[in-house]
Protein chains: 2
Amino acid sequence: MDSIDLRLIDLLRENARSSYAELARKVGLSAPAVHERVGKLEAAGTIRGYRADVDHEALGLGVTALIGIIEDSGADTDDVLTAVRAMPEVESCYFMAGVESYQLTVRVGTIAELEQLIVRINRTPGVASTRTAIALSTKWENRPQPGISS
Amino acid sequence: MDSIDLRLIDLLRENARSSYAELARKVGLSAPAVHERVGKLEAAGTIRGYRADVDHEALGLGVTALIGIIEDSGADTDDVLTAVRAMPEVESCYFMAGVESYQLTVRVGTIAELEQLIVRINRTPGVASTRTAIALSTKWENRPQPGISS
DNA sequence: TCTGAGCTATGGACTCCATCGACCTACGGC
DNA sequence: GCCGTAGGTCGATGGAGTCCATAGCTCAGA
């Protein structure tokens with residue numbers, strides 16, 4: 001993990017479909033060398049995968065909301081997690097410090113669907129209550145933080 | 001935007017480095033046809049880009065937190081936004097309904113750095129107060145929600 | 001019903017890339 | 001000093017990306 005690796009990661013976070021040849025030109029190595037480095041980063045789990053970044057509105061998922069979950073005292077936290085995991089609308093899930101055990105990012109098409117989703121989460125065994133905040137607009141998301149690849 | 005487009009988007013959300021030839025095999029078209037479809041999706045802004053999904057801990061960014069910002073009454077909301085945008089630690093930024101105008105996802109290396117970041121945000125003109133919640137663990141993030149590409 | 005326009009797929013051709021193997025160099029341990 | 005290893009370059013080749021000409025399909029209008 002040297003500065004060239006960091007630079008490769010930066011470049012792939014910027015455009016994951018860059019060709020190895022292009023990456024090689026930018027970091028000043030040969031294509032096979034870059035190929036091997038990227039392969040090692042993938043094998044080590046430093047690079048977990050490559051995702052297309054889509055316009056959710058264009059796909060009919062224009063409503064984004066953040067939902068905090070407060071669990072029942074004595075609830076089995078794994079049950080809640082399993083139930084939430086089965087809901088495809090839940091894009092991200094963090095286990096939090098504080099009163100709200102989980103913080104979810106959810107993505108749905110309409111406010112009505114959001115309402116149904118909240119009801120479903122509240123009905124889940126182990127969930128005491130939820131707190132929902134709706135995003136009016138997304139200023140930016142998943143902005144890559146550049147590594148210090150001097 | 002038909003079911004083949006949706007399927008292409010799903011496949012690229014799963015693995016953005018798939019070759020056109022591979023995508024073509026999976027959707028039952030020729031590679032040039034897929035190439036043109038993906039190009040149109042990019043031009044239309046439906047596909048915004050392709051990002052490597054990295055292990056933040058391996059890059060020394062093991063601390064994730066969610067920060068809500070309450071603005072001063074009468075603050076120029078654009079000033080706050082501009083200041084926050086200039087902070088590379090802020091990975092995502094939503095403009096919210098409710099008391100907290102902005103909700104941020106931030107990524108830093110240590111709790112000490114988080115503290116410094118919170119101080120910096122609180123010092124920003126227009127910011128009345130902040131509320132920070134620390135993620136103890138990330139269950140999942142940016143999970144692609146499959147389109148209904150029957 | 002026939003016709004022409006426009007869209008989108010296919011197949012071929014050419015260029016460029018991915019990837020493998022062979023070899024070269026720097027470095028650390030014996 | 002010698003050898004083993006890690007990590008690089010170079011060259012070759014098979015396959016992919018991409019441009020282009022062409023063929024079907026849909027639909028509007030005579």
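Letters go in sequence order (proteins before strands), and every chain restarts at 1.
- One interatomic measurement links the two molecules: CG of B:Asp2 to P of C:dT8, which rounds to 9 Å at whole-angstrom precision.
- What separates CD1 of B:Ile4 from C1' of C:dT8 is a distance of 11 Å, to the nearest Å.
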- Item | Footprint string (nucleotides 11-24 of chain C, 5' to 3'): B base within contact, S backbone only, - free, heavy atoms under 4.0 Å | BB----SSBB----

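- Listed for the B:Arg51 side chain is no donor-acceptor partner under 3.5 Å among the backbone atoms of A:Arg51.
- Partner B:Tyr50 forms a side chain to side chain donor-acceptor pair (under 3.5 Å) with one of B:Glu42, B:Arg17, B:Arg13 and no other, that one being B:Glu42.
- Side-chain atoms of B:Thr46 and A:Asp55 form no donor-acceptor pair, as typed in the model, at a separation below 3.5 Å.
- Regarding contacts with the backbone of D:dA6, every side-chain N or O of A:Lys40 stays at 4.0 angstrom or more from both OP1 and OP2.
- Close placement of the A:Tyr102 and A:Phe95 rings is indicated, their centers lying within 6.0 Å of each other.
- Taking atom CZ of residue B:Arg37 and atom C1' of nucleotide D:dG17, one finds them 18 Å apart after rounding to whole Å.
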Kindly list each side-chain donor-acceptor pair under 3.5 angstrom involving residues 66-75 of chain B, sequence neighbours excluded, with atom names and distances?
| residue | atom | partner | partner atom | Å |
| --- | --- | --- | --- | --- |
| B:Glu71 | OE1 | B:Thr77 | OG1 | 3.3 |
| B:Glu71 | OE1 | B:Ser101 | OG | 3.0 |
| B:Glu71 | OE2 | B:Thr77 | OG1 | 2.9 |

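- When each of A:Glu89, A:His56, A:Met87 is checked for a side-chain contact (heavy atoms from CB on, under 4.5 Å) with B:Gln145, only A:Glu89 meets the rule.
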